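Let me begin by presenting the structure, written as structure tokens, before commenting on it.
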Amino acid sequence: MQYWLMKSEPDCFSIDDLKACPNSTDMWDGVRNYQARNMMRDEMKKGDQVLFYHSNAKPPHIAGIATIASKQAYPDPTQFDPKSQYFDDKSTKDRPRWFLVDVKYKKKFKNPIPLDQVKANPKLKNMKLVQKGSRLSIQPVTSKEWDEVLAMTN
DNA sequence: GCCAACGTTGGC
DNA sequence: GCCAACGTTGGC
């Protein structure tokens with residue numbers, strides 16, 4: 001099993017929004033970055049654990065935990081929808097360009113971890129999240145980093 | 001709202 | 001294949 005961090009702007013889609021979805025599960029649509037796509041398509045497995053990160057929040061923070069709920073990645077339907085902001089006219093159903101996974105709510109931290117605290121923790125200095133210029137919306141997390149993050153919620 | 005850091009596009 | 005121009009992310 002692997003660990004991940006996935007970013008979302010809470011004004012757009014928060015961990016509470018995920019919880020409120022049917023079966024607390026939703027498609028992680030709208031990813032339009034190849035590195036992030038590749039991780040979803042090639043590496044994510046059902047049951048993988050996810051840190052749900054709220055970007056563009058005040059302050060930005062790790063909000064809770066979700067899990068990967070689809071067996072594997074599948075084509076993101078929004079790329080075929082001309083009305084969607086995520087529409088991609090270069091993508092075809094035969095050769096879809098963008099993939100997504102289903103994500104299921106697991107828990108919301110009683111004490112969310114602000115980005116400042118992640119930065120201040122020397123054990124987390126190698127996390128992609130705190131590295132300069134790291135904008136990827138999906139990032140791998142090591143098991144040590146995972147354990148350390150969870151320890152900070154106590 | 002600013003802007004640094006990246007990613008993507010497209011002319012050549 | 002280079003790279004300038006442009007677009008996006010996301011903290012501050």
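These numbers were taken from a predicted model, which means no experiment stands behind them.
As a whole-Å value, the separation of A:L129 CG from C:dG11 P is 8 Å. Whole-Å rounding puts the A:I138 CD1 to C:dG10 C1' distance at 16 Å. Taking atom CG on A:D88 and atom C1' on B:dT9, their separation rounds to 13 Å, with Å as the unit. Rounded to whole Å, atom P of B:dT9 lies 7 Å from atom CZ of A:R97. Straight-line distance from the NE2 atom of A:H54 to the P atom of C:dT9: 17 Å, rounded to whole Å. Taking atom OH of residue A:Y53 and atom C1' of nucleotide C:dG10, one finds them 8 Å apart after rounding to whole Å. At whole-Å resolution of the value, CD in A:Q85 and P in C:dT9 are 10 Å apart. Spacing between atom CD of A:Q35 and atom P of B:dG7 amounts to 6 Å, rounded to whole angstrom units.
Nearest-nucleotide mapping onto DNA chain B: of A:N56 and A:S134, the residue sitting toward the 5' end is A:N56.
Taking the side chain as every heavy atom from C-beta outward, A:T78 and A:W98 never approach each other to under 4.5 Å. Between A:Y74 and A:L100, the closest side-chain pair of non-hydrogen atoms falls below 4.5 Å.
Considering A:L136, A:N38, A:I138 as possible partners of A:N33, the one that fulfils the side-chain contact (heavy atoms from CB on, under 4.5 Å) test is A:L136.
The pair A:R37-A:D76 does not meet the salt-bridge criterion, since no charged nitrogen lies less than 4.0 angstrom from a carboxylate oxygen.
If you check every strand for non-hydrogen atoms under 4.0 Å, A:E9 touches nothing. Across all strands, A:K58 comes closer than 4.0 Å to no nucleic acid atom at all (heavy-atom distances).
Side-chain proximity of A:D116 to B:dG7, B:dA5, C:dC12: nearest is C:dC12. Set against B:dA5, C:dC12, C:dG11, the side chain of A:R135 has B:dA5 as its closest nucleotide. In this structure, of C:dG11, B:dA5, B:dT8, it is C:dG11 that holds the atom nearest to the side chain of A:L115.
Regarding contacts with the backbone of B:dA4, every side-chain N or O of A:K132 stays at 4.0 angstrom or more from both OP1 and OP2. Applying the 4.0 Å criterion to OP1 and OP2 of C:dG10, one finds that A:K7 has a side-chain N or O inside that range.
For C:dT8, the base has no donor-acceptor partner in the side chain of A:R32 [N/O atoms by modelled type, under 3.5 angstrom].
At distances below 3.5 Å, not a single donor-acceptor pair connects side-chain atoms of A:D88 with backbone N or O atoms of A:Q79.
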